[in-house]
Amino acid sequence: MSREVRVRFAPSPTGPLHIGGVRTALYNYLFARKMGGKFLLRIEDTDQTRFVPGAEDYIKESLEWLGISPDESPWNPGDCAPYRQSERKPSYMQYALDLVEAGHAYYAFDTSEELEAMRERLTAARVVQPQYNSITRTQMKNSLTLPEEEVKARLASGEPYVIRVKIPRKEEVRLNDMIRGWVMVQSATLDDKVLMKSDGMPTYHLANIVDDHLMNITHVIRGEEWLPSAPLHVLLYKFFGWEDTMPEFAHLPLLLKPDGNGKLSKRDGDKLGFPVFPLNWENKVDGDTAAGFREQGYLSDAFLNFLAFLGWNPGDEREIFSLEELIEAFSVERIGKSGTKFDIAKAKWFNEQYLRAKSNAELAPYVIADAAKEGVTIIQDTAEALVALMKERVTFPAEIWQGSRFVVEAPTEFDQDIAGKRWNADAVTILTAYAETLEGYTGDFDAEKAKALLGETAEAKELKLGKSMQAVRLAVTGVGAGPDLMEIFAILGTEEVAKRIRFALATLEVIG
RNA sequence: GGUCGGUUCGUCUAGGGGUUAGGACACGUCCCUUUCACGGAUGAAACACGGGUUCGAUUCCCGUACCGACUACCA
């Protein structure tokens, strides 16, 4: 009997959603869609001290931007509401108590000072694993060592306590990870993790298992940093008697720094000049900011495609995939095992591919907006013409306006370097004649015609056009390089081209 | 330190007992182009190391090295 596939993305609202988290969400989404199942989002806000305002909205907006919104979430609840663990708080204690009742967990009263002292003592004694476990718990203050009456008295008095899982002394724990295969661990290496904190909140381990069970999660797809605690989770499913419906696990390879070693961090992005977050972020409280891919000019579908290929590939040589195509091609089996170094050059390449595939009309709004920011108003037709001019030569939409604004705005100054090399007598002769030609011309004027007229002009003066071409460009655009000049002439029209040539002629000094 | 995971060009990766080890990004060269790009062609570039198993290992096994994650009343 197969259950409906249900997967979840379970971020902690402690800051902007990291790109690694976005990829985890994407893989969950892809898997759910591929299997015809559901993708849920659960906010894991059990640590009240780390809560950051705005982080949840950031998560929501990030997923919306990429078009991978969850089927069930705090803002779109399904049958398993609520979807914030803080709002599910009342339910966890009973599960912990059930475990205590069954002998799989116990109360512990040790203060943080006592715990620290214990670790120091063990470290000094060169104990290999200085942790609260099946051996050391016998020396601590808990319901396993204290007389029953004292335990009751302490609980009754309202003394702070935690509930710890009682890890079996000697047991082989095994799990079959979808990506890594069988992973086996001896329970002796595990510690008695806290399940319920003294503030009455569950820790990740308890809340996670309880909620995944209650929400009928069938597959847990999460980052590799969770692999070490997966055996504990397996043990908890067993203690609760939920083995039959225990989800399958898939631990994703980590995203690594582009240079050197280690996990990709915010600092790497700052240092190397690229974002590691989907959206711009600003923490109103502490002023912390981070740059986002979206604001840097990455198109959502390009970014999504790039992200999907960070640790996964379809097995053939295709690289450009729409979200629909990704769903179709996706499989957990094809996710790699090893960590992936983050390469921004590839992200740029994807962006260029998607930019070129977009229609001029789709890209025009970017140009209109960028121009408007500088107080320049342009209409849709003009914007589309500029897009056509620039689309094949840029990485980001913002570069379209940057690279073509001189089409709309006549140059007021000229690249002196180019002028010094190219503004010679021949160029001036040709330009003067060309301006005259244009001023007297009334027929249709397109790139072809502009080129023909220019050629005829040069020929009439018995001069070679090639050598003066850059001077012509300089006269009209102010710079020495750019998109096809004749196309620019066609957009400008005879009158404007002539006007600009006249201005250049009057402004620039002829070289020797 | 311990536990767990990982290791194919600089990067992302395909492949898998016998291959000229394939592709993409980036890089070099050439072509196209009266600029710069795009595009096309082409080049350089990899199986971490040592043992085994085998007729044969980059591929399977073991070890070593290196890298990483985890080792909190954080997730």
Side-chain angles (χ1 to χ4, degrees), chain A residues 10-14 44-47 49-50 85 108 110-112 115-116 119 123 126-132 160-164 177 179-180 183-186 188-191 193-205 207-208 222-231 251 253-254 256-263 306 309-319 334 336-350 352 356 390-394 403 418 422 451 454-455 458 464-470 472-474 477 479-486:
Chain A
S12 218
T14 55
E44 309 233 326
D45 54 350
T46 53
D47 185 355
T49 64
R50 294 212 306 163
Q85 291 186 326
D110 316 275
T111 64
S112 51
L115 290 173
E116 201 176 318
R119 286 188 197 105
T123 305
R126 300 188 193 199
V127 171
V128 207
Q129 295 174 90
Q131 49 189 197
Y132 211 117
Y161 67 91
V162 300
I163 294 179
R164 286 179 181 273
D177 186 274
I179 294 171
R180 284 148 220 286
V183 176
M184 270 162 276
V185 129
Q186 295 299 327
T189 65
L190 270 25
D191 63 336
K193 281 267 182 294
V194 169
L195 262 21
M196 286 298 294
K197 301 184 263 191
S198 56
D199 64 358
M201 274 293 212
T203 57
Y204 170 86
H205 305 291
N208 191 266
R222 74 223 304 191
E224 191 187 330
E225 67 268 29
W226 293 110
L227 194 50
S229 55
H251 290 93
L254 262 16
L256 273 17
K257 294 178 190 297
D259 62 338
N261 308 305
K263 204 158 64 156
F306 164 69
F309 273 71
L310 248 30
W312 173 86
N313 74 82
D316 55 38
E317 285 167 2
R318 292 173 300 157
E319 293 200 276
R334 294 210 61 87
K337 292 179 172 68
S338 50
T340 303
K341 279 191 183 167
F342 189 84
D343 181 17
I344 197 67
K346 192 81 182 203
K348 286 183 179 170
W349 179 79
F350 271 112
E352 288 163 2
R356 281 162 204 158
M390 297 297 296
K391 199 164 64 172
E392 305 261 291
R393 14 187 359 111
V394 299
I418 303 294
R422 305 289 181 197
K451 188 175 183 180
L454 184 58
K464 284 228 162 91
L465 180 56
K467 289 179 179 169
S468 299
M469 206 57 199
Q470 210 175 7
V472 177
R473 174 181 290 280
L474 182 73
T477 69
V479 293
D484 190 275
L485 232 206
M486 295 307 120

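Below, chain A is the first sequence line, B the second, and so on; all start at residue 1. What you see below is based on every heavy atom in this structure, not just the backbone, and it leaves out hydrogens, waters and symmetry mates. Owing to the predicted nature of the structure, the values given are computational and were not obtained by experimental measurement.
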*Could you tell me which non-hydrogen atom of Met486(A) sits nearest to which non-hydrogen atom of Leu454(A), and how far apart they are?*
CE-CD2, 3.7 Å
*Before accepting this row, confirm whether a basic side-chain N of the pair Asp343(A)/Lys341(A) lies closer than 4.0 Å to the acidic partner's carboxylate O.*
no
Show each protein N/O and nucleotides 37-40 of chain B N/O combination with a separation under 3.5 Å, one pair to a line.
| from | atom 1 | to | atom 2 | distance (Å) |
| --- | --- | --- | --- | --- |
| C38(B) | O2' | Glu392(A) | OE1 | 3.1 |

For [N], the Watson-Crick or wobble partner whose two distances fall under 3.5 Å:
{"N": "C9(B)", "answer": "none"}
{"N": "C38(B)", "answer": "none"}
{"N": "U54(B)", "answer": "none"}
{"N": "A44(B)", "answer": "none"}
{"N": "U19(B)", "answer": "none"}

Could you check how far [atom1] of [X] sits from [atom2] of [N], rounded to whole Å?
{"X": "Lys337(A)", "N": "A14(B)", "atom1": "NZ", "atom2": "C1'", "result": "14 Å"}
{"X": "Lys346(A)", "N": "A26(B)", "atom1": "NZ", "atom2": "P", "result": "8 Å"}
{"X": "Lys348(A)", "N": "C12(B)", "atom1": "NZ", "atom2": "C1'", "result": "17 Å"}
{"X": "Leu454(A)", "N": "U35(B)", "atom1": "CG", "atom2": "P", "result": "14 Å"}
{"X": "Asp316(A)", "N": "G23(B)", "atom1": "CG", "atom2": "C1'", "result": "10 Å"}

*salt bridge (Lys or Arg N to Asp or Glu O under 4.0 Å) with Arg119(A): which residues, sequence neighbours excluded?*
none
*Would you mind building the protein contact string for nucleotides 68-75 of chain B? One character per nucleotide, 5' to 3', B for base within reach (heavy atoms under 4.0 Å), S for sugar-phosphate only, - for untouched.*
SSSS-BBB
Between the protein and nucleotides 61-64 of chain B, are there any N/O to N/O pairs under 3.5 Å, and if so, what are the atom names and distances?
none

*Phosphate OP1/OP2 of A14(B): any Asn313(A) side-chain N/O under 4.0 Å*: yes
*asked:* Counting only side-chain nitrogens and oxygens, does Arg334(A) get under 4.0 Å of the OP1 or OP2 atom of G15(B)?
replied: yes
_Partner residues of Ile179(A) under the side chain to side chain contact (heavy atoms under 4.5 Å, CB included) criterion, sequence neighbours left out_ = Asp177(A), Ala250(A), Leu252(A), Val332(A), Ile335(A), Lys337(A)
*What pairs with Arg334(A) under side chain to side chain donor-acceptor pair (under 3.5 Å), at least two apart in sequence or on another chain?*
Asn313(A)
*So which nucleotide from A24(B), G5(B), C25(B) ends up closest to the side chain of Glu319(A)?*
A24(B)
*Please tell me which of the listed nucleotides, G1(B), G23(B), C4(B), lies nearest to the side chain of Glu317(A)?*
G23(B)
*Please examine the side chains of Arg180(A) and Pro253(A), heavy atoms only from C-beta on, and report whether any two atoms are closer than 4.5 Å.*
yes
